[in-house]
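Along the sequence shown, the residues carry numbers beginning at 1.
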Amino acid sequence: MPEILPIRPWRYNPSLSQSIDSLTSPLFDVVSEKQRKALYQHPYNSIHMSVPQETPAAAGKRLAQWKHQGILAQDRLPGIYVYYQYFTLAGSPKEYCRKGFMCHIRVYDWDEQVILRHENTIPQAVNDRIELLENTQLHASATHGLYTDPTFELERYMDEAIQQPLYETEDYQGVRDVMACIQDYAIVQRFIEVLQPGNVILADGHHRYEGSLVYKHRQQAANPAHTGREGYNYHLMYLTNTEADDLRILPTHRLIHGLKDFDEETILRRLEQDFTITPLEDVDILPEVIVGKRWAFGLMFRDNAYKVRLKPEALNTMPWPFPPVVKALDLTVMHYFIIEKVLGIPGREQRSATNVSFDRSFADCLKKVLQQDAQLAIITNEVSIDEVKTVCHSGYTMPQKSTYFYPKVIGGYLFSSISEPEFALPVYAPF
């Protein structure tokens with residue numbers, strides 16, 4: 001039963017937020033080096049809090065200066081912050097709108113099965129997040145979580161609030177981001193009540209959430225008067241409904257490079273045991289010929305392209321010790337039958353293998369193969385939200401880089417403090 005709370009965030013002074021576009025930034029794990037360099041040039045851009053150039057201690061001092069100088073001001077009343085993202089996808093004129101809201105959510109241990117993860121984390125990335133949280137006591141960007149409400153009750157409150165936006169910008173993805181606020185006590189209570197019965201699945205931000213989890217345990221151990229209501233028990237999250245049609249998960253393709261004795265004919269011969277192989281005259285149709293087909297992949301070599309599809313009877317030969325729901329995933333099939341069995345990169349080594357990289361753009365994959373920056377591109381289908389839900393509830397995780405929820409949440413609209421008394425709700429508020 002996830003517990004959520006309204007937040008009383010820090011936001012940019014209205015005199016600065018007139019040009020909010022110059023203050024927003026991508027998430028720390030997707031921002032490119034080129035983007036960083038440009039964003040660092042603005043002295044008040046939110047990237048100085050999410051991906052600081054300086055040490056975490058220096059970031060903490062910068063944050064204190066921003067507060068003292070009035071660069072940031074804390075909202076007087078708590079609320080639920082509605083956040084809509086309007087976007088299109090390549091090749092389609094349809095405009096989508098992903099609807100969600102930001103709030104505080106209690107930090108739960110994984111074994112409590114309240115917050116469910118679908119991928120594992122990399123320790124160094126978690127350590128970086130912990131150190132920054134210790135020094136700033138600030139959530140500079142929300143993780144993305146998924147709740148399930150087939151009645152869509154909360155959407156009508158959000159639709160009403162978004163008519164009076166606080167901010168409206170176009171971000172680095174070409175996405176139109178709009179934020180509004182709900183401070184009506186009765187409506188906020190309904191948000192709290194609707195979230196209580198189910199679970200929350202982490203869509204994006206596993207490292208940031210796990211950073212909060214470790215930080216909570218450290219603070220709890222150091223605080224003999226721990227009550228469970230302190231700010232360190234909570235985390236900033238952007239929540240969207242799994243039942244919405246506008247929840248998009250884009251595929252992440254695999255690139256293979258640097259393998260010794262790499263030979264196309266040998267690879268095809270090894271594939272024949274478990275796959276049906278169809279040569280293609282036109283490489284550009286690879287995504288089209290595999291779309292919607294289970295266990296189908298596109299293989300892109302420099303001079304040739306193929307559609308390959310696993311023979312159904314081959315699945316039973318997979319020796320990896322996973323439950324059937326995980327074994328049957330397209331990406332599990334790819335990582336075992338193609339990357340381990342055919343290419344010779346053992347599953348236990350794939351997470352850190354320098355021979356495997358990831359790219360979400362089919363055009364980039366094609367370019368890298370043609371320019372011989374990659375020996376092979378493996379083109380995949382997108383993962384469905386039903387698959388994510390099923391795997392999460394099984395207690396297992398998906399292969400690395402399984403999902404790319406699009407669009408990404410941007411940073412800079414608000415900052416959430418877990419420092420007392422900044423975290424505490426005002427005494428005159430009935431929350």
Side-chain angles (χ1 to χ4, degrees), residues 89 116-120 146 201 203-204 242 247-256 267-268 270-278 280 283 285-301 305-343 345-348 350-351 353 355-362 364-366 374 376-406:
L89 297 174
L116 308 177
R117 58 180 168 178
H118 72 272
E119 66 178 36
N120 291 312
L146 307 172
I201 294 172
D204 206 1
T242 60
L247 187 64
R248 309 306 301 171
I249 308 174
L250 304 185
T252 302
H253 312 301
R254 272 55 174 169
L255 290 165
I256 307 299
I267 290 172
L268 292 174
R270 292 173 179 169
L271 283 166
E272 285 178 344
Q273 178 182 345
D274 298 312
F275 291 86
T276 56
I277 303 172
T278 306
L280 299 175
V283 67
I285 67 170
L286 263 182
E288 299 171 29
V289 298
I290 68 170
V291 68
K293 297 180 176 66
R294 197 177 198 190
W295 306 329
F297 309 93
L299 299 187
M300 190 192 309
F301 297 89
Y306 305 88
K307 170 193 168 185
V308 300
R309 193 171 188 183
L310 188 75
K311 299 171 184 176
E313 63 272 17
L315 187 66
N316 295 325
T317 68
M318 183 189 292
W320 285 359
F322 297 142
V325 65
V326 177
K327 282 188 175 183
L329 292 172
D330 277 8
L331 293 179
T332 310
V333 166
M334 178 188 64
H335 277 271
Y336 172 68
F337 285 102
I338 299 179
I339 298 179
E340 176 173 294
K341 189 173 181 181
V342 172
L343 299 179
I345 305 173
R348 64 181 177 276
Q350 289 174 18
R351 187 171 181 81
N355 305 103
V356 183
S357 60
F358 308 89
D359 201 309
R360 292 176 293 275
S361 167
F362 174 79
D364 284 350
C365 289
L366 177 58
L376 168 68
I378 308 173
I379 306 304
T380 68
N381 277 311
E382 64 184 44
V383 174
S384 73
I385 186 59
D386 286 337
E387 288 176 316
V388 173
K389 289 161 70 173
T390 302
V391 171
C392 283
H393 286 97
S394 76
Y396 284 78
T397 56
M398 291 182 157
Q400 67 270 31
K401 302 290 185 181
S402 293
T403 59
Y404 185 84
F405 285 86
Y406 183 84

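Residues Ile378 and Ile339 meet the side-chain proximity criterion, which asks for heavy atoms closer than 4.5 Å. His335 has its side chain within reach of Arg254: a pair of non-hydrogen atoms, C-beta onward, lies under 4.5 Å apart. A 4.5 Å side-chain heavy-atom check between Thr252 and Val383 finds every atom pair outside the cut-off. Taking the side chain as every heavy atom from C-beta outward, Phe322 and Leu329 never approach each other to under 4.5 Å. Counting heavy atoms from C-beta on, the side chains of Tyr306 and Leu268 come closer than 4.5 Å. Residues Ser394 and Val325 are in side-chain contact: their nearest non-hydrogen atoms beyond the backbone lie under 4.5 Å apart.
Residues passing the salt bridge (charged side-chain N to carboxylate O under 4.0 Å, His left out) test with Asp330, sequence neighbours excluded: none. Applying the ring pair (Phe, Tyr, Trp, His ring centres under 6.0 Å) criterion to Tyr404, with sequence neighbours excluded, gives no partner residue. Residues passing the ring pair (Phe, Tyr, Trp, His ring centres under 6.0 Å) test with Tyr336, sequence neighbours excluded: Trp320. For Ala377, the side-chain contact (heavy atoms from CB on, under 4.5 Å) criterion is met by Leu255, Met300, Cys365, Val369, Ile379, not counting sequence neighbours. Checked against salt bridge (charged side-chain N to carboxylate O under 4.0 Å, His left out), Lys307 has no partners two or more places apart in sequence or in another chain.
Note: Tyr396 OH to Arg117 CZ = 13.0 Å, rounded to the nearest 0.5 Å. A distance of 10.0 Å separates CD1 in Ile338 from CD1 in Ile267, rounded to the nearest 0.5 Å. Between Asp204 atom CG and His118 atom NE2 the span is 7.5 Å, to the nearest 0.5 Å. To the nearest 0.5 Å, atom CG of residue Leu146 and atom OG1 of residue Thr242 are 6.5 Å apart.
The heavy-atom pair separating Leu331 from Ser402 by the smallest distance is CD1-CA, 3.3 Å. For the pair Ser361 and Asp359, the tightest heavy-atom approach, listed with the atom from each and the gap, is N-OD1, 2.8 Å. The shortest non-hydrogen separation linking Leu315 to Lys327 is CD1-O, 3.5 Å.
A donor-acceptor contact shorter than 3.5 Å is absent between the side chain of Arg360 and the backbone of Phe358. In this structure, Gln350 contributes its side chain and Ile345 its backbone to a donor-acceptor pair below 3.5 Å. Proximity of a side-chain donor or acceptor of Glu340 to a complementary backbone N or O of Gly347 within less than 3.5 Å is detected. A side-chain donor-acceptor contact under 3.5 Å links Glu387 to the backbone of Ser384. With His253 contributing its side chain and Thr380 its backbone, the two residues share a donor-acceptor pair below 3.5 Å. The backbone N or O of Asp274 lies less than 3.5 Å from no partner atom in the side chain of Lys341, so there is not a single donor-acceptor pair. Between the side chain of Thr403 and the backbone N or O of Phe405, no donor-acceptor pair lies under 3.5 Å.
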task = Dump the intermediate steps for side-chain contact (heavy atoms from CB on, under 4.5 Å) on Ile249 and Tyr406, then the final yes or no.
result = CA-CA 6 Å; Ile249 308 174; Tyr406 183 84; over 6 Å; no
Please output the side-chain donor-acceptor pairs of residues 288-299 that fall under 3.5 Å, not counting sequence neighbours, one pair per line with the distance.
residue, atom, partner, partner atom, Å
Lys293, NZ, Val289, O, 3.3
Trp295, NE1, Ala328, O, 2.8

